[in-house]
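Notes to accompany the following structure.
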Amino acid sequence: MLGVEFIRANPREICQALTRRGIPAGADLVDHVLEQDRVHREALTLRQVKQQAANAESRNIGVLMREGKHEAAKVLIARQSSLKTEIKELGETAASAEQTLSELLLTIPNIPHESVPDGLSEADNVEVYRHGEIPSFEFTPLPHWEIARQHGLIDFERGAKVAGAGFPFYMDVGARLHRALINFFLDTATRQYREVRPPLFVNEASAHGTGQLPDKEGQMYHVSLDGLYPVPTAEVPLTNYFRDEILSESDLPIKFCAYTPCWRREAGSYGAHVRGLNRLHQFDKVEIVQLTHPEHSYDVLETMRRDAETLLKALNLPYRRLLMCAGELGFNQTKQYDLEVWSAGQERWLEVSSISNFTNYQARRMNIRFRPESGGKPQLVHTLNGSALALPRVVAALLEYNQTENCSYELPEVLTPYLP
RNA sequence: GGAGGGGUGGCAGAGUGGUCGAAUGCACUGGUCUUGAAAACCAGCGUACCGCAGGGUACCGGGGGUUCGAAUCCCUCCCCCUCCGCCA
């Protein structure tokens, strides 16, 4: 979330940002925030003054009691009660304003970076880079589910029987191909990032920290008996690792990578676009996360984007890089790239990675700061993350792009060492 | 799952109702001394909020309560440790 001090100082900028994101009535929202903030601080200030008086009086009572002057003490004690009532009421006013304020703050998204293009729909995302050629075939290319079925790589039907739609079994080479990709991705990532094997379930506080809660609640599975959420992405445990901690400036940047399965409910999805591996309830992903000094986060965004692209290049898959427009940008992000591979059998682009800068938006929620070496108060870090990469659509693209006549396929050379 | 013990500042560890935001030690920072370093000595050293400032308020796992006054008493939740049981 944004800091109130920031909103107080830049109301106009916030309104502008809300407009860019296509959120109506931004000005009213900002006014409401400023009003609650004012009420909160007024009550707080007044309560402090009263509390100060009460504390002083209590100390006097203590002195009198010790001296055995009980009658004098009783007079002071009697005088305290109205003060106590006032303090209590002011405290309640402050608390309720603070509550309203923090609820309002959760509805204000992060501010799009100046380099983010205007626009409200998918069509306004800007393709800033394209790699490789869209292939043409001398036969009709098949979608991956046909190829997978023919070769017994994936069993969607039994997955549906045993767990449900969106929970496929990967079999034999299909299973091994997953293991190969995970290892290839991790081996590449660990050249720069610390490898982490995180918890696959997180608690409510963690889900709040990275912003899955409250607005994306329906996206996660929920183990209500234990109050836990199966991770929708490794971003959640990795970014929360340092929650409520103060780091040394020299600790930065923190660089983590992790392979995890990811679980998403994907409620309401249906139709041809979710067929095969296009959209699943459980999928595998290698995630990269960084916590950086505020001055470096936009440079780091570019390096992380490059790290993800290196993998696609090595796999020799045609892909494009989109710079998300203001309206399509995630709620918590200031700038976001999506990488999409070409699905030769479906003739469409499939998102396999999203790389984002959250600046201090998540860090404020999680209270992750660093102590500047030059002295001064602890400052919020910036957080970033990216997929490097999400597996199922990469598998789909590999099968479709590398298919040959009669439903055969090959796999890129980089994977050979991983496929004994 | 059962029984018991415990959560205090970066760490260790005092403190069981009245100037306790909290002794002491270690670590850390600055200074003195030294050719330099170590040692010794002196000083500093949590976070958040309010205030132009002097200063103030809150925080001793979280939340609630008793009291004029709570780290200290009560309730509740969370977490950790030990023993037993179960278990990949």
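So you know, we letter chains A, B, ... as the sequences are listed, proteins then strands, and number each from 1.
Remark: B/G17 base-pairs with no nucleotide; criterion is Watson-Crick or G-U wobble with both hydrogen-bond distances under 3.5 Å. A 3.5 Å limit on both hydrogen-bonding distances identifies B/U32 as the Watson-Crick or G-U partner of B/A40. Nucleotide B/A58 is matched to B/U47 when pairs are restricted to Watson-Crick or G-U wobble geometry with both distances under 3.5 angstrom. When Watson-Crick and G-U wobble pairs are counted only if both distances are under 3.5 Å, B/C73 pairs with B/G65. For B/U82, the paired base is B/A3 (Watson-Crick or G-U wobble, both distances below 3.5 Å).
The distance from atom CG of A/Leu380 to atom C1' of B/U47 is 13 Å, rounded to the nearest whole Å. Straight-line distance from the CD atom of A/Gln52 to the P atom of B/G51: 15 Å, rounded to whole Å. Between A/Glu98 atom CD and B/C50 atom P the separation is 11 Å, expressed in whole Å. In this entry the distance linking CD of A/Glu245 with P of B/C11 reads 10 Å, nearest Å. Note: NE2 (A/His70) to P (B/U67) measures 19 Å, nearest angstrom. The interatomic distance linking A/Asn55 (CG) with B/G18 (P) rounds to 16 Å, in whole Å. Separating the CD atom of A/Glu92 from the C1' atom of B/G63 is a distance of 16 Å, rounded to the nearest angstrom. At whole-Å resolution of the value, NZ in A/Lys50 and P in B/A58 are 16 Å apart.
Picking from B/C68, B/U19, B/A48 the nucleotide with the shortest atom distance to the side chain of A/Arg59 gives B/U19. In the set B/C68, B/C49, B/U47, B/C49 carries the atom at the smallest distance from any side-chain atom of A/Lys377. Distance from the side chain of A/Gln48 is smallest to B/U57 among B/A48, B/G69, B/U57. In the set B/C68, B/A48, B/C50, B/C50 carries the atom at the smallest distance from any side-chain atom of A/Arg41.
Comparing the P positions of B/C78 and B/A27 gives an interatomic distance of 39 Å, to the nearest angstrom. Taking atom P on both B/C60 and B/G65, the two are 15 Å apart, rounded to the nearest angstrom. Atom C1' of B/A53 sits at a distance of 43 Å from the matching atom of B/C79, rounded to the whole Å. Taking atom P in both B/U16 and B/G64, one finds a spacing of 26 Å when rounded to whole Å.
Residues A/Thr210 and A/Gln212 bring a donor and an acceptor atom of their side chains to less than 3.5 Å of each other. With no hydrogens or angles considered, a side-chain donor-acceptor pair links A/Asp307 and A/Gln192 at under 3.5 Å. Side-chain N/O atoms of A/Asp187 and A/Tyr418 include a donor and acceptor closer than 3.5 Å.
Using the six-membered ring where Trp is involved, A/Tyr241 and A/Phe256 have ring planes that are perpendicular, over 60° apart on the 30 and 60° scheme. Classification of the A/His281-A/Tyr221 ring pair by plane angle, with boundaries at 30° and 60°, yields perpendicular.
Heavy-atom distances to RNA chain B give each of A/Asp37 and A/Arg47 a nearest nucleotide, and the one nearer the 5′ end belongs to A/Asp37. A residue-by-residue look at A/Gly62 and A/Leu44 shows that A/Gly62 has its nearest nucleotide of RNA chain B further toward the 5' end.
Here A/Phe185 and A/Tyr259 keep their ring centres 6.0 angstrom or further from each other. Checked against the 6.0 Å centroid threshold, A/His382 and A/Phe358 do not count as a close aromatic pair.
Here A/Gln80 lies in heavy-atom contact (under 4.0 Å) with sugar-phosphate atoms only. Looking at heavy-atom distances under 4.0 Å, A/Leu76 makes no contact with the nucleic acid at all.
Regarding contacts with the backbone of B/U47, a side-chain N or O of A/Arg371 is found under 4.0 angstrom from either OP1 or OP2. A close approach under 4.0 Å does occur between a side-chain nitrogen or oxygen of A/Gln51 and OP1 or OP2 of B/A58.
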